[in-house]
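Below is one structure, written out as structure tokens; comments come after it.
All of these numbers come straight from a predicted model, not from anything done at the bench. The chains referred to below are lettered A, B, ... by the order of the sequence lines, with proteins before strands, and numbering in each begins at 1.
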Amino acid sequence: MSIKKELFVYNSIQRKKEKFEPINEGFIGMYVCGPTVYSDVHLGNVRTFVSFDIIYRFLCYLGYKVRYVRNITDVGHLLDDGEDRMSKGAKAENLEPMEVAQKYTNGFHDMMRIFNTLQPSIEPRATGHILEQIEMVQDIINNGYGYEKNGSVYFDTVKFAEEKKTYGQLSGRVIDELMAESRSDLKNQSEKKHPSDFAIWMKASDDHLMKWNSPWSVGFPGWHLECSVMSTKYLGETFDIHGGGNDLKFPHHENEIAQNVGACNCQPCRYWLHTNMLLMNGRKMSKSDGNTITPEELMTGDSPHVSQGYDPMVLRFFMLQTHYASTLDITDDALKASEKGYKRLMQAWQVLQKLETTGAGNSEDEDVTRLCDMVLEDMCDDFNAPKALSRLFELVPKINSYKEGHLDVNQLSADALRLLKETFSGFIFDVFGLKDVLSAGGADNGNVMDGLMGLITELRQGARENKDWSTSDKIRDSLAALNIQLKDGKDGTSWTIN
RNA sequence: GGUCGCGUGGCCGAGCGGUUAGGCAGAGGUCUGCAAAACCUUGUACAGCGGUUCGAAUCCGCUCGCGACCUCCA
């Protein structure tokens, strides 16, 4: 069932917000540049993939059938000295290149699971598509945009720019400037016609570990090629959405476009979405100056940058409070605030689940339905999760008031209450991808826990009725030490795990 | 140096021409055996200087500050 709502997205290549219209009604093809698996997952990766996870989830929520392709780059990524990242990792650790790739792919998958991201529909690997990459190189050569030199093949950016007038459109670059500024000592510059040309096939040196046969040499594909090839293979020559981190705009995405246009004379996609960078304490994360924190350190609190460990769901909530296209600045204070906000939201959900109405009136309906509608509307406005979240928070005091009797829950029709419940669970869990870690602890033995807590609160209630405050306070304090918080309300005592 | 973006109350962070964002922290109150939780009330912020406009945080210009990309990067 699809939800009738117009979606608007900020299209990086047009530099403006546009109405989203899929190529095939009801279906969406989305390609997101995945990680290069040569080292442990960086926290910045997490932010990017969580952002696209929310976008993917929301598109599904709207009723689209989405094919979500996110690649694993396990070859073809050059370092400054021309060495492949995978080979370098392998030599350093004395492992097979594929062993390195597998190890970090596993680590990446573990982290994605920890942060509760959905798996992509297809997760192709660059090394699994060498033949297709060779074919695309040939296509590019046939179309006159590639030339061979000493066994390597380069993309002719100058000719392409002159004929197609699109090179530099995405990143806002002018080829004259690129020529003037490219470093001349990198990547076999002497073999290129122009410094801005880039390799689409590289001849391998004798000691290079990862190499394949090709019409030009025993070598390996250039970095940008695998995305052009795999997106085309699984989503078609032109598909709907291409995403990635802001830092990939140039050169990666720019060159990807050049390759696709150069090979098939068509744009790879209609909408380019770019997520912004993750900062810490106002600066880009950088290993060299110590301004960095790993996902593990963030969870355990084992870092000078944080005062405590944070649950992955707290970090996910924290990310939701900032638009995907804005920089996100991690600070300990901001994380602490998010932790409290997250718990407040989850507790409201627990309260909401238990609410029932006789539907005697409907004076509350208007407020509630309006806010629920706005949650959807905000997400349809370029996936504005922070704004949508704020609507949910406007509903929190209402939910609590219904429970406490400050507002009459019976002034809510059954339909409106159902909408409220569906909106909360739909957005918090299905779209935002949060998990309720507050109640998750007792999920397996919920009945035992409920029974025990029922017994304890009953005993404490007896003590309270006898004004035996020392006993009732001892129970409360002892439970507090176990992170179980008692809340004495009008209708008895409730409890939550913190 | 080139290209692009950003500067919002104590902190984080939406808004992008006129209407309460929201979270966290703070203050006052209600409730409570005391607490906690919850609820109610409360803050009059948009880097600076000009300009456009009936009206600007929101548009334009300049100044200052910050960041990203230009080289591997999510």
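Between the side chain of A/Ser326 and the base of B/rG5 there is no donor-acceptor pair of N/O atoms closer than 3.5 Å. Between the base of B/rG33 and the side chain of A/Asp473 there is a donor-acceptor pair shorter than 3.5 Å. No hydrogens or angles were tested; on distance alone, nothing pairs the side chain of A/Arg476 with the base of B/rA36 as donor and acceptor under 3.5 Å. The base of B/rA35 sits with one of its N or O atoms less than 3.5 Å from a complementary donor or acceptor on the side chain of A/Asp488.
In this structure, A/Phe49 does not count as stacked on the base of B/rA74 under the 5.5 Å centre distance and 30° plane angle limits.
In terms of phosphate contacts, A/Asn400 brings a side-chain nitrogen or oxygen within less than 4.0 Å of OP1 or OP2 of B/rC39. Phosphate proximity of B/rU20 to A/Arg391: absent, as no side-chain N or O sits under 4.0 Å from OP1 or OP2. A/Asn384 has a side-chain polar atom (N or O) that falls below the 4.0 Å cut-off from OP1 or OP2 of B/rG15. Between A/Arg464 and B/rU32, a side-chain N or O to OP1/OP2 separation shorter than 4.0 Å is absent.
Per the geometry, CG belonging to A/Leu371 stands 14 Å off P belonging to B/rU20, to the nearest Å. Atom NZ in A/Lys249 sits roughly 7 Å away from atom C1' in B/rC4 (whole-Å rounding).
Nearest to the side chain of A/His42, among B/rA74, B/rC39, B/rG33, sits B/rA74.
Among residues two or more places apart in sequence or in another chain, the side-chain contact (heavy atoms from CB on, under 4.5 Å) test is passed with A/Lys165 by none.
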Taking only distance into account, with no hydrogens and no angle test, what donor-acceptor pairs under 3.5 Å do side-chain atoms of residues 383-395 of chain A form with protein atoms, sequence neighbours excluded?
from	atom 1	to	atom 2	distance (Å)
A/Asn384	OD1	A/Lys387	N	3.2
A/Ser390	OG	A/Lys387	O	2.7
A/Arg391	NE	A/Asp378	OD2	2.9

Anything under 3.5 Å between a protein N or O and an N or O of nucleotides 25-31 of chain B, put it in a table, one pair a line.
from	atom 1	to	atom 2	distance (Å)
B/rA25	OP1	A/Lys340	NZ	2.7

